[in-house]
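Structure record follows, encoded as structure tokens.
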2 protein chains.
Amino acid sequence: MGNINEIIELLRSKGLKVTPQRVAILQLLMNGGHFTMDQVLNELRKIEPNISISTVYNTLNTLVRLGILRSFEADGKTWYEMRKDPHINVICEDTGQIMDVDIDVSAIEREVSKLGIEIKDLNVIIRGNCRGTS
Amino acid sequence: MGNINEIIELLRSKGLKVTPQRVAILQLLMNGGHFTMDQVLNELRKIEPNISISTVYNTLNTLVRLGILRSFEADGKTWYEMRKDPHINVICEDTGQIMDVDIDVSAIEREVSKLGIEIKDLNVIIRGNCRGTS
DNA sequence: ATATGTGCAAAGGGTTTGCAGATAT
DNA sequence: ATATCTGCAAACCCTTTGCACATAT
């Protein structure tokens, strides 16, 4: 997790320059979880104290465009996560946290494709109360 | 569709005052479709030329809070629609339009409930290309 | 050497807020 | 009569943009 050589390889393969900022951002996100720009910025400042808002946005948006990250909007902010198998994002109204729930959504994809719609991205966002789950 | 007496009844039943602005907003949304605040404002100004941004926001947010409308976020904006059976919102990247696709999502609801999560709202948002569909 | 990336500050777009005057009950 | 609602303007996020300097290749 967060393997540096893997990250360098990934950036190079996409034609991106390998900068400390980009490596740090990818290391953070590769450990899993969901982050807003603000959360990324705060974490990154521990490692790269001078990293700027625009660099974080630039990087996140670039990585989304290249398909490395996914983004979705909730609570008035954009959230970023590593792109992986389609899943469900559950937003807990008590804790404000977002968690992944791995449920098969291929039935929905199949139905929608049948209608002639080419799916670029699928987001299942559930707002709820996760008390009872840890 | 947009039955005025029905709307008046609805507002009264929620303890809201029946104002021309609220009636007009509900009439618009009861005909179906998805609207941003801006779209609502533009439509409403045809009927109530002096209606203000804050009134539109106030009304939309109040109606969401009372469960009459649903809202979700996409493309940096909040979208509003009448609350009805769970369905899928497909955002067409070409036309920018949002359309409903009625697909059963109860399987997902069941799975998530099993995990002890109390669902307050379920959103399935698909970004795609609707060429081929009309 | 040079194309690309970074940091800063300013601008942009959507949404909320505070408040005085207006309106529904 | 009065609690609620409306409209206006200002304030508040979050995100993007322009540009000079710095850095990776």
Exercise. What are the bounds, 5' to 3', of the part of DNA chain C that sits under 4.0 Å from heavy atoms of chain B?
Worked result: C:dG14 to C:dT25

Problem set entry | Contact nearer the 5' end of DNA chain C, comparing A:T59 with B:T36 | A:T59

Exercise. Can you tell if the side chain of B:L29 reaches within under 4.5 Å of the side chain of B:F35, non-hydrogen atoms only?
Worked result: yes

Solution key, residues 8-17 of chain B side-chain donor-acceptor pairs under 3.5 Å, sequence neighbours excluded:
from, atom 1, to, atom 2, distance (Å)
B:S13, OG, B:L10, O, 2.7
B:K14, NZ, B:L66, O, 3.4

Exercise. Do B:R83 and B:I68 have side chains that get closer than 4.5 Å, going by heavy atoms?
Worked result: no

Seminar exercise, completed: Angle separating the five-pair end axes of the helix from C:dA1-D:dT25 to C:dT25-D:dA1, nearest 10°, is 40°

Exercise. Who passes side-chain hydrogen bond (donor to acceptor under 3.5 Å, both in side chains) against A:T55, sequence neighbours left out?
Worked result: A:S52

Polar atoms only, N or O, under 3.5 Å: list the protein pairs with nucleotides 17-22 of chain D and their distances.
none

Exercise. Which residue pairs pass the salt bridge (charged side-chain N to carboxylate O under 4.0 Å, His left out) test when at least one of the two sits in residues 28-40 of chain A, sequence neighbours left out?
Worked result: none

Exercise. Which residues within residues 61-81 of chain B lie with some heavy atom under 4.0 Å of an atom in DNA chain C?
Worked result: B:N61, B:G76, B:K77, B:T78

Exercise. Under 4.5 Å between any side-chain heavy atoms of B:V90 and B:I88, yes or no?
Worked result: yes

Exercise. When the distance from CG of A:L41 to P of D:dT15 is rounded to whole Å, what number comes out?
Worked result: 12 Å

Exercise. Which residue pairs satisfy the salt bridge (charged side-chain N to carboxylate O under 4.0 Å, His left out) criterion with at least one member in residues 46-61 of chain B, sequence neighbours excluded?
Worked result: B:E43-B:K46

Exercise. Do any of residues 16-24 of chain B sit with a heavy atom less than 4.0 Å from DNA chain D, and if so which?
Worked result: B:L16, B:K17, B:T19, B:Q21, B:R22

Problem set entry | With A:D100 via salt bridge (Lys or Arg N to Asp or Glu O under 4.0 Å) - residues at least two apart | A:K84

Problem set entry | Inter- and intrachain pairs under salt bridge (charged side-chain N to carboxylate O under 4.0 Å, His left out), touching residues 60-80 of chain A, at least two apart | A:R70-A:E81, A:R70-A:D121, A:D75-A:R127

For this session: In whole angstrom, give the distance that lies between atom CG of A:D38 and atom C1' of D:dC14.
Result: 9 Å

Problem set entry | Residues forming a salt bridge (Lys or Arg N to Asp or Glu O under 4.0 Å) with A:E109, sequence neighbours excluded | none

